[in-house]
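Every heavy atom of this structure was used, including side-chain atoms; hydrogens, water molecules and symmetry mates were not.
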Amino acid sequence: MVSVWAVRGKQRRLIGFSRATSDHAFNATIWDVVVHPDYQGKGMGKALMNYTIEKLRKEDISNITLFADPHVVDFYRLLGFMPDPEGIKGMFWYPN
């Protein structure tokens, strides 16, 4: 899990996170990428995804999957994920 917090003085507020599980050998699935509406459109989702992928790659995970609703497919495609050719909501990322 990766999280991003806004800090103002002593107050901390969760404003974004991503969550993935893996077998620590080959496969991982990204389950959630959530950014508070006030912080969307500022690159935070992309930063969360890039950091999550980087961490998984450091563990030699080479197959990263996720499930995407139609309205966010383009977001994940820009990050290198490919839609499932059979039209299932899953998308896949492989290292170059």
| message | Testing the basics here: between P83 and R77, what is the closest heavy-atom pair and its distance to 0.1 Å? | response |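 It is CG-NH2, 2.7 Å.
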
| note | Residues I61 and A25: closest non-hydrogen pair is CD1-N, 3.7 Å

| task | Could you label the plane-to-plane angle of the F67 and W31 rings as parallel, tilted or perpendicular, counting under 30° as parallel and over 60° as perpendicular? | result |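 It falls in the parallel class, under 30°.
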
| task | Rounded to the nearest 0.5 Å, what's the gap from CG on D60 to NE2 on H24? Could you check? | result | 13.0 Å

| message | Rounded at 0.5 Å granularity, tell me how far OG in S18 sits from CG in L66. | response |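 S18 OG to L66 CG: 11.0 Å, rounded to 0.5 Å.
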
| Min side-chain heavy-atom separation M49-F75 under 4.5 Å | yes

| pair T65-N27: side-chain heavy atoms closer than 4.5 Å |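 Contact flag for T65/N27 side chains = no.
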
| request: Could you work out the complete set of other residues in the hydrophobic cluster of F17, with links drawn between I, L, V, M, F, W and Y side chains under 4.5 Å apart? | output: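 Members alongside F17: M1, W5, L14, V34.
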
| Residues clustering with I15 (ILVMFWY side chains joined when closer than 4.5 Å, directly or via others) | V2, V4, V35, Y39, M44, L48, Y51

| Does E59 pair with K55 as a salt bridge, N-O distance under 4.0 Å? | no

| said: Walk me through whether I30 and F81 qualify under side-chain contact (heavy atoms from CB on, under 4.5 Å). | reply: CA-CA 12 Å; I30 296 173; F81 286 82; 4.2 Å; yes

| query | Judged by modelled atom types alone, do T29 and T21 share a side-chain donor-acceptor pair under 3.5 Å? | reply | no

| message | So if I apply the side-chain contact (heavy atoms from CB on, under 4.5 Å) rule between H71 and each of D69, D74, V73, which one comes out positive? | response |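 Single side-chain contact (heavy atoms from CB on, under 4.5 Å) partner of H71 among D69, D74, V73: D69.
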
| query | Pairs in or reaching into residues 9-26: which pass salt bridge (charged side-chain N to carboxylate O under 4.0 Å, His left out), with residues at least two apart or in two chains? | reply |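 Salt bridge (charged side-chain N to carboxylate O under 4.0 Å, His left out) check on residues 9-26 returns R19-D32.
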
| query | Does CD belonging to Q11 count more than 12 external heavy atoms closer than 6.0 Å? | reply |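 It does not: Q11 CD has 12 such atoms or fewer within range.
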
